[in-house]
Amino acid sequence: MDYVAIEKKWQKIWEDEKRFEVKNYVNGKENAYVLIEFPYPSGKGLHTGHVRSYSAMDAVARKKRLQGYNVLFPMGCDAFGLEAERTAIKEKKPPQEIVARNIATFKEQLKCVGLSIDWSRAINTCDPEYYKWTQWLFLQFYKHGLAEKRYANVNWCPNCGVLANEEVEDGKCCQCGSETVQKPKAQWILKITEYADRLNDDLDETEYMEHIKLGQRHWIGKSEGVQVKFKLVQGGEFEIYTTCIETIYGITFMVLAPEHKLIQENKDKIKNWPEVEAYIKQASKKSEFERAELAKTKTGCLVDGLTCINPVNGKEVPIFIGDFVLVSYGTGAVMAVPSHDQRDFEYAVAHNIPMIQVIEGADVSEKAFEKGDYLGKGCKLINSQEFTGLTVEEAKVAITDKLVKMGVAKKQKNFRMQDWVFSRQRYWGEPIPMINCPKCGWVPVPENELPVLLPKVESYEPTKDGESPLSLIDEWVNVKCPCCGGDAKRETDTMPGWAGSSWYFMRYCDPHNDKEFASYDALKAWLPVGLYNGGNEHTNRHLLYARFWDKFLYDIGLSPVNEPFKARVSQGIVLGANGVKMSKSLGNVVDPRDVIKEYGADSLRIWEAFMGDYFADVNWSDEGAKSANRFVGRVCGLKDMLVPGDEVSNELAYEVNYAIKKVTEDIDKIKFNTAISQLMILVNAMYKAKRVNNAEYKILLTLLNPFAPHITEELWTECGYGKNFLNATWPKYDETKLVQNLEEIAVKVNSKIIASAKINPANTQEEILNAVKGIEEIKAQINNKTIVREIYVPGRIINFIVK
RNA sequence: GCUGGUGUGGCGGAAUGGCAGACGCACGGGACUUAAAAUCCCGAGGUGGCAACACCGUGUGGGUUCGACUCCCACCACCAGCACCA
């Protein structure tokens, strides 16, 4: 059979009939939104790994349609980004051209897989019709005070310019591998930290896979503690942040970040200023990465001349600086309790500072007894005045109360996550729609002038001083201020790659709207996304950003939901046959088109569903596609064994009903491998029966349709069951048929399997056990012995314990 | 270092605490064929045995249980993420 021709035929019919185009409202139908992350159309094209997750979500979408849902299953392109820009620089062609070329390949690849995508809703983030609204959304952030231009230390890559924290790995640029350095620069930032608490807590409302929630929580890094004021003996005060207030009597010194402003303010009081200054200078030369890398030795120095008072006991405490304290987190200052914090312990050892143990339960001469070890174990305080004898948990509350009453402390939440640096000095991104006027300051581009189009440029490289190439186009940069009409300049920074993907799932709901980014009614029809599938690499950042944008839009009344995604899952990676990630340079990339040419898309899809647990990594194998092809052939072969019959026969009742149950549940649980396996079992049973009737065949084809949509529709029409598979209905199983008349059960004596018995599960336990005791092998084992216990677990096991 | 995940035949992988290895690949045997391919049927964890059968088997060592791949404790190996977050 020429599968490829059949598949082409159906793909054309689906396209001509606009089968999978969906309206926002269909009378009497419930809506379901199935979303898979849109691809970045790189020059590499798609490989079989993409096909696995696309066809998996396609299966979910197709099944939902057959179950009577109105299903939105869209696709698009995340087209801005560094890769296209680099190719543009290399090939000296506009990135628009590169992207158009890549999208064409990508569409061709996707189409031959036979996905039930509504292509009329396709979007592309670099299309001005789309990025007009990305710019508009930025302006809403600005108008609500959530976007501002601020000097900040940024990661600077000599090749790629400014990088987000996320783009730096091990002190190196994640794109080009160059060493990065810290550089201060005025940057547009989005104040995502204002949403940190909700981004953390609202995860409880979602049904994300547990590891994804953990990833989000870790990235946000919420901690709850106490912020305490310490008075300087020399006048003035500073604050520290701690999550271990119970150890406050164990303070033997304080550590400030080298950049802490208290140091500069008290320069004249510091007796060893040259030493302190030298240390600050040395620390500032290190990148964040180097500071982290030198974790083993805790460097720093005493700030001679400054001391402070511990508010709980009035003790005078020395002050140090050390670069293990980060100025960007908490208050940039810590109370050091070497007995109960390993970093403080190491610092104290290195600088000969005494220690005071305040929690009993471990020896602190070699290493600190830390919160991870003492919390929740009922450990008690020592050396802590009136708090001595309280448990750690009691002391946390009591000490906080005391400090709050004294007016020197407050409870405080802190987050590891920092504000989102939203500027890039690159060409290939959405221009940030702002104008800088010498008189009026930053002025937004009027909304009716959007989009701010990317102008054509000669060269796409950033300038030598690290500005966007847009800054070189005078006629683009120089504009009149929308406010006062005077001479002004456009912002030349562009947005990061994450911008367009932060709201694309909303645009799908209303992709051609030229009045709004998406109408509230359209969003209300589809959101929240029922199932969102994407790669593990986007679990932290993209997901966080998209949730942030949605929460903001929810707050200003433009989104109907506080959480945009109900469930989120991440597929495993399809590795090359050699067990390593597919990459062009290793030559282990498999182009789905090659597999489809040989075996057809249905076989590829079945094999990718069957090859293993969807959430675990798997190695690609060509052999598997062949075996799936064999299975498709067997399904086709059944057509020759067709006999009349409008009802499922008794002979196949159990297999058919069990398959319905199993496949339905497995697709819901995204256990495609066992769903396919059950279909194979059903087909095997039909072959064993040497016949199959129409009712049974219809059920088989329907259950298989989500995975193999072409061949099932072909057989469906050939058998005269209908002309459009969308008119089929997903079968329901008959619970009564799942009970077999006689069932095999293992019989054990003293937990050892002795026999396998056929029993009638409808009988009473006593009848069954008596019948089983009559079996020869069992008789031999229990004769002349006393049965001390009889265990019967219906459907599972019988076990006699004898003495 | 911390967090999370994984560990089952030659291979990919199944198993609400209940006959471990479903289903498939590769393999062996048979049918069909002049022959091969394709297809269909049968077999198969390991060791020993002609065989019936016996013993051993889910990373390692303990534990709970009538019964453990599954639950608990300790450990090993590999993979991924985070890495001074006070």
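A, B, ... follow the sequence lines: proteins, then strands. Residue 1 opens every chain.
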Do [X] and [Y] have side-chain N/O donor and acceptor atoms under 3.5 Å apart?
X: Y279(A); Y: T299(A); value: yes
X: N533(A); Y: Y614(A); value: yes
X: T247(A); Y: Y374(A); value: no
X: N540(A); Y: Q216(A); value: no
X: T674(A); Y: D666(A); value: yes
X: E239(A); Y: T331(A); value: no
X: K371(A); Y: T243(A); value: yes

Quick check for you: among [options], whose closest atom lies nearest to any side-chain atom of [X]?
X: K371(A); options: A86(B), A26(B), G81(B); answer: A86(B)
X: L214(A); options: A15(B), G4(B), C84(B); answer: G4(B)
X: Y329(A); options: C85(B), G67(B), A14(B); answer: C85(B)
X: V618(A); options: C84(B), C82(B), G13(B); answer: G13(B)
X: K626(A); options: A26(B), C66(B), G81(B); answer: A26(B)
X: S751(A); options: G13(B), C66(B), G24(B); answer: C66(B)
X: R343(A); options: A86(B), C82(B), C19(B); answer: A86(B)
X: V334(A); options: A86(B), A26(B), G18(B); answer: A86(B)

Which part of the nucleic acid does [X] contact within heavy-atom distance under 4.0 Å: base, sugar-phosphate only, or nothing?
X: Q342(A); result: nothing
X: I801(A); result: sugar-phosphate
X: N673(A); result: sugar-phosphate
X: K213(A); result: nothing
X: S756(A); result: base
X: N536(A); result: nothing

To the nearest angstrom, how far is [X] atom [atom1] from [N] atom [atom2]?
X: R796(A); N: U70(B); atom1: CZ; atom2: P; result: 17 Å
X: I797(A); N: U16(B); atom1: CD1; atom2: C1'; result: 15 Å
X: N799(A); N: C19(B); atom1: CG; atom2: P; result: 12 Å
X: E665(A); N: U16(B); atom1: CD; atom2: P; result: 12 Å
X: I753(A); N: G21(B); atom1: CD1; atom2: C1'; result: 14 Å
X: N629(A); N: C25(B); atom1: CG; atom2: C1'; result: 14 Å
X: M417(A); N: C82(B); atom1: CE; atom2: P; result: 16 Å
X: K222(A); N: U3(B); atom1: NZ; atom2: P; result: 21 Å

Establish, with yes or no, whether the OP1 or OP2 oxygen of [N] is under 4.0 angstrom from a side-chain nitrogen or oxygen of [X].
X: K758(A); N: C19(B); value: no
X: S223(A); N: A86(B); value: yes
X: N619(A); N: G12(B); value: no
X: K752(A); N: A54(B); value: no
X: R634(A); N: C41(B); value: yes
X: R630(A); N: A26(B); value: yes
X: R416(A); N: A83(B); value: no
X: N684(A); N: G24(B); value: yes

Exercise. Quick one: are the ring centres of Y347(A) and F253(A) less than 6.0 Å apart?
Worked result: yes
Exercise. Cationic tip of R789(A) within the cone over F800(A)'s six-membered ring, i.e. under 6.0 Å and within 45° of the normal?
Worked result: no
Exercise. Counting only non-hydrogen atoms, which of residues 606-616 of chain A are less than 4.0 Å from RNA chain B?
Worked result: F610(A), M611(A), D613(A)
Hey, are [X] and [Y] close enough for a salt bridge, meaning a charged N less than 4.0 Å from a carboxylate O?
X: E790(A); Y: K773(A); answer: yes
X: D341(A); Y: K367(A); answer: no
X: R568(A); Y: E37(A); answer: yes
X: K396(A); Y: E246(A); answer: yes

Seminar exercise, completed: Heavy-atom nearest nucleotide on RNA chain B taken for H211(A) and for D341(A); more 5' hit belongs to H211(A)
Exercise. So which one's nearest nucleotide on RNA chain B is more toward 5', N540(A) or E744(A)?
Worked result: E744(A)
Could you measure between the two [atom1] atoms, the one in [N] and the one in [M], and give it in whole Å?
N: G12(B); M: A22(B); atom1: P; answer: 15 Å
N: U8(B); M: U33(B); atom1: P; answer: 45 Å
N: G7(B); M: G17(B); atom1: P; answer: 16 Å
N: C79(B); M: A26(B); atom1: P; answer: 30 Å
N: C84(B); M: C2(B); atom1: C1'; answer: 12 Å
N: C55(B); M: G59(B); atom1: P; answer: 23 Å
N: G4(B); M: C69(B); atom1: P; answer: 25 Å
N: U3(B); M: G57(B); atom1: C1'; answer: 33 Å

Problem set entry | Smallest separation among heavy atoms of V404(A) and K410(A), with atom names | CG2-CA, 4.5 Å
Exercise. Since syn is defined as within 90° of 0, does G9(B) count as syn or as anti?
Worked result: syn
Exercise. Considering only heavy atoms and no angle criterion, is a donor-acceptor pair shorter than 3.5 Å present between the side chain of K298(A) and the base of C84(B)?
Worked result: yes
Exercise. With distance as the sole criterion, do the side chain of R217(A) and the base of U3(B) form a donor-acceptor contact below 3.5 Å?
Worked result: no
Exercise. For RNA chain B, what is the dot-bracket line, given that a base pair needs Watson-Crick (N1 to N3, plus N6-O4 or O6-N4) or G-U wobble (N1-O2 and O6-N3) geometry with both distances under 3.5 Å, and | means paired with another strand?
Worked result: (((((((..(((.....[....))).(((((.......))))).((((....))))..(((((..]....))))))))))))....
